[in-house]
Engineer: 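Dropping a structure here in structure tokens format, bear with me for questions.
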Amino acid sequence: MEGDTFSGLGNGTQMDGKVLQSFQKSFVQVQNILDQNRLLINEINQNHESKIPDNLSRNVGLIRELNNNIRRVVDLYADLSTSFTKSMDASSEGDSSGGAYGKAGHKRHRPG
């Protein structure tokens, strides 16, 4: 897939295969973290319902882990957003069609 391009964004924009692989890797990481969070939440709920002191104490660490995972997901999405914007900017710089839309699909403002 190296060097391949993808033009399935509906507007003819081409993306490098490496960019797509990077996006896919990030989405897999996000999904893995979300799956882990689901397990953590289930365990936290079970511990809470049990009302056993040791289980409730264990929840402190589990909730910290959950919070850290949420931060990681936010960071991954922020990185994805930045990467996507950069890839769109890079691909639109090579587009000299001069259509009704400028970079990133925003309408150009014409002087009145």
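All values derive from a computational prediction rather than experimental measurement.
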Engineer: With sequence neighbours excluded, what pairs up with Arg64 under the salt bridge (charged side-chain N to carboxylate O under 4.0 Å, His left out) test?
Structural biologist: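 Arg64 satisfies salt bridge (charged side-chain N to carboxylate O under 4.0 Å, His left out) with no residue once adjacent residues are dropped.
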
Engineer: To check you understand the geometry: which heavy-atom pair defines the closest contact between Phe23 and Phe84, and what is its length?
Structural biologist: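 Residues Phe23 and Phe84, closest heavy atoms: CZ-CA, 3.5 Å.
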
Engineer: Please lay out, stage by stage, how Asn67 and Arg71 fare under the test side-chain contact (heavy atoms from CB on, under 4.5 Å).
Structural biologist: CA-CA 6 Å; Asn67 284 336; Arg71 281 188 202 98; 4.2 Å; yes

Engineer: Is there side-chain contact between Ser22 and Lys25, with at least one heavy-atom pair below 4.5 Å?
Structural biologist: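 Counting from C-beta outward, Ser22 and Lys25 never come under 4.5 Å.
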
Engineer: Tell me whether the count of non-hydrogen atoms from other residues, nucleotides or ligands lying under 6.0 Å of CG in Asp54 goes above 12.
Structural biologist: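 Result for CG/Asp54: open.
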
Engineer: Measuring from atom NE2 of His48 to atom CG of Leu62, what distance do you get when rounded to the nearest 0.5 angstrom?
Structural biologist: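 Spacing of NE2 (His48) from CG (Leu62) equals 13.5 Å.
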
Engineer: Please find the pair of heavy atoms, one from Ile44 and one from Asn59, that lie closest to each other, and give the distance.
Structural biologist: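 Scanning both residues, the minimum pair turns out to be O-ND2, 3.1 Å.
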
Engineer: For Leu56 versus Asn47, what's the shortest heavy-atom pair and its separation?
Structural biologist: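 Looking at all heavy atoms of both residues, the shortest contact is CD2-O, 3.6 Å.
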
Engineer: Rounded to the nearest 0.5 Å, what's the gap from OG on Ser83 to CE on Met88? Could you check?
Structural biologist: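 Rounded to the nearest 0.5 Å, the OG-CE separation comes to 11.0 Å.
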
Engineer: Atom CG in Asn32, atom CG in Asn69: separation rounded to 0.5 Å?
Structural biologist: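 Taking CG in Asn32 and CG in Asn69, the distance rounds to 11.0 Å.
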
Engineer: What pairs with Arg58 under salt bridge (charged side-chain N to carboxylate O under 4.0 Å, His left out), at least two apart in sequence or on another chain?
Structural biologist: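 With sequence neighbours excluded, Arg58 shows a salt bridge (charged side-chain N to carboxylate O under 4.0 Å, His left out) to Glu43, given in chain and number order.
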
Engineer: Quick one about Gln31 and Asp35 (side-chain donor to acceptor, distance below 3.5 Å, no hydrogens or angles considered), yes or no?
Structural biologist: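 Per modelled atom types, Asp35 and Gln31 side chains form a pair under 3.5 Å.
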
Engineer: How about Gln36 and Glu65: do any of their side-chain heavy atoms sit closer than 4.5 Å?
Structural biologist: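 In short, these two side chains touch, coming nearer than 4.5 Å.
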
Engineer: Applying a strict under-4.5 Å side-chain criterion to I, L, V, M, F, W and Y, I'd like to know whether Leu34 and Leu40 cluster together.
Structural biologist: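 Result: no, two separate clusters.
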
Engineer: Nearest 0.5 Å, please: how far is CG in Asn37 from CG in Leu66?
Structural biologist: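 It comes to 5.0 Å.
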
Engineer: Do Val19 and Tyr77 land in one hydrophobic cluster if side-chain heavy atoms of ILVMFWY residues count as linked below 4.5 Å?
Structural biologist: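 Yes, Val19 connects to Tyr77 through the hydrophobic network.
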
Engineer: Contact between Ile33 and Leu76 at the side-chain level, heavy atoms closer than 4.5 Å - yes or no?
Structural biologist: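 Counting from C-beta outward, Ile33 and Leu76 do come under 4.5 Å.
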
Engineer: Would you compute the distance between atom CD of Gln46 and atom CD1 of Ile41 and round it to the nearest 0.5 angstrom?
Structural biologist: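 One finds 12.5 Å between CD of Gln46 and CD1 of Ile41.
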
